[in-house]
Amino acid sequence: MRPETRTVHLPKPSVTGSVPISMPIYQTSGFVFDDPAAFAEEMGRPGGAYVYGRYSNPTVRALEEAVAGLEGGAAAIATGSGMGAINCVLLGLLQPGDHLIAQEALYGGTAAMINDLVSRFGITVSYVPEDDPAALRAAVTPATKLVYLETIANPVGQVADLPAMCSAARDLGLISVVDNTFATPLLCRPLELGADIVLHSVTKYLSGHADVVGGIAVFADEELHGKVWHFAIELGATPDPFAAWLSLRGMQTLALRMERHCANARHLATRLAAHPAVSAVHWAGLENHRSHEVARKVLADFGGVLAFDIAGGRAAADSFMASIRLALLAPSLGGVETLVLHPASTSHRALNAAELARTGVTEGTVRLAVGIEHPDDLWADIEQALS
Ligand SMILES: *Cc1c(COP(=O)(O)O)cnc(C)c1O
């Protein structure tokens with residue numbers, strides 16, 4: 001062969017007799033077959049041989065199998081973002097005329113997407129509290145298809161009563177979908193509590209280092225997975241193999257990180273609750289939180305996100321945000337650095353006063369996504385910003 005051809009058809013060594021410690025990045029858009037019949041047969045089969053990168057890839061499948069295993073699911077679909085996973089599931093399962101029941105406090109992107117489904121696709125929605133199976137039963141219509149919940153809601157940490165809500169959904173023949181981003185499978189495994197589908201923004205705790213955007217949907221059974229998988233390859237919300245690799249690499253320290261996130265959040269929540277400049281602390285590990293009893297039933301620990309209300313409202317919150325130094329002013333959560341944001345002016349700015357009140361956010365509310373730094377350094381920073 002001439003150099004022009006040899007540079008194109010580079011040799012690809014295959015590893016035999018040993019396997020790599022770390023999952024390699026299969027940075028390829030497609031896969032080569034010896035046998036034309038096998039090529040034809042494998043096209044479009046979930047879990048089959050690798051054919052084309054939008055369908056599957058070994059690095060991406062390693063992530064899917066890892067998260068499916070942690071959640072106790074049959075199979076998963078990794079996506080390019082958390083919203084990609086949410087869209088695959090909702091668009092893949094709902095059709096015009098269907099009715100959806102969702103909990104009141106929802107991640108902003110999800111709330112916006114549901115509004116779109118309602119205004120553009122003729123889907124209807126009812127909102128119920130996350131811990132009220134009677135309200136769920138009362139909201140059901142003959143067109144109801146699906147129930148949508150979040151294990152721990154943003155930013156004030158309502159915890160969904162998953163055993164009660166998922167079993168009500170099951171009795172009514174509805175598919176239950178749970179966004180488990182804030183809890184991770186280490187604090188809660190919704191499939192074991194009766195959910196059919198679990199969603200994650202892998203961007204957050206699963207990848208854990210604020211360096212990748214990703215998502216995943218995990219399914220209790222193969223059939224539902226197959227249905228959504230066929231839609232997902234049409235939608236094309238596929239992750240890049242490098243993003244999947246970063247996520248896998250981050251996940252190896254998930255247990256260590258979650259332990260520290262939760263311990264740090266407890267330390268800060270306790271100190272904040274005793275501080276005179278703070279009028280309320282929202283973290284389900286505190287006994288006076290509205291979800292404390294549910295959280296003790298559903299969660300192994302209470303998570304690393306907390307919110308608190310500064311006495312003095314917006315002006316005091318503005319001055320706190322301007323004074324904080326170690327905690328970084330940034331959106332998102334789940335990385336090793338502590339992040340702080342003022343929901344009323346950032347993540348929740350599109351909501352009107354009534355909607356804000358329903359999510360539990362006031363003008364003085366500050367959200368902390370607690371990192372893994374030393375808790376005394378975090379408290380020193382918060383204390384100086386409060387004063
Ligand atoms: C961030 C987030 C999402 C959206 O995920 P992206 O990766 O940003 O697309 C969905 N649900 C929750 C609870 C989130 O925190």
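Numbering starts at 1 and runs along the sequence shown. Atoms within each ligand, like the ligands themselves, are counted from 1 in listed order.
The single protein non-hydrogen atom nearest to atom 6 (P) of ligand 1 is G82 N, 3.3 Å, given as residue, atom name and distance. Scanning the protein heavy atoms around atom 4 (C) of ligand 1, the nearest turns out to be Y107 CE2, 3.4 Å. The nearest heavy-atom contact from the protein to atom 14 (C) of ligand 1 is K204 NZ, 3.0 Å. Closest protein heavy atom to atom 9 (O) of ligand 1: M83 N, 2.8 Å.
Checking S279 against D309 by side-chain atom types alone, no donor-acceptor pair falls below 3.5 Å.
Close approach to F182 involves these atoms of ligand 1, each under 4.0 Å from a residue heavy atom: 13 (C), 15 (O). Those atoms of ligand 1 with a heavy atom of S81 less than 4.0 angstrom away are 7 (O), 9 (O). Counting the atoms of ligand 1 from 1 in the order shown, those under 4.0 Å from a heavy atom of G214 are 7 (O).
A85 and G215 get closest at one heavy-atom pair: CB-C, 4.3 Å. Closest approach of V370 to A265, counting heavy atoms only: CG1-N, 4.0 Å. The two residues G53 and T238 make their nearest non-hydrogen contact at O-CG2, 3.4 Å. Counting all heavy atoms, side chain and backbone alike, A284 lies closest to A295 at CB-CB, 3.8 Å.
Not a single heavy atom of A153 sits under 4.0 Å from any atom of ligand 1.
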I'd like a table of donor-acceptor pairs (distance under 3.5 Å, sequence neighbours excluded) in which one partner is a side-chain atom from residues 23-31, with atom names and distances.
| unit_1 | atom_1 | unit_2 | atom_2 | d |
| --- | --- | --- | --- | --- |
| Q27 | NE2 | D240 | OD1 | 3.3 |
| T28 | OG1 | G30 | N | 3.4 |
| T28 | OG1 | G30 | O | 2.8 |

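The N/O atoms of E150, backbone and side chain alike, include none that comes under 3.5 Å of an N/O atom in ligand 1. Distances between N or O atoms of T110 and those of ligand 1 include no value under 3.5 Å.
Of the charged side-chain nitrogens involved, at least one lies within less than 4.0 Å of a carboxylate oxygen, so that K297 and D161 count as a salt-bridged pair.
At a heavy-atom cutoff of 4.0 Å, ligand 1 is contacted by the side chain of I86 but not by its backbone.
Surrounding CD of Q384 are more than 12 heavy atoms belonging to other residues, nucleotides or ligands, all under 6.0 Å away.
The closest heavy-atom contact to atom 11 (N) of ligand 1, among the options D179, V212, T181, comes from D179.
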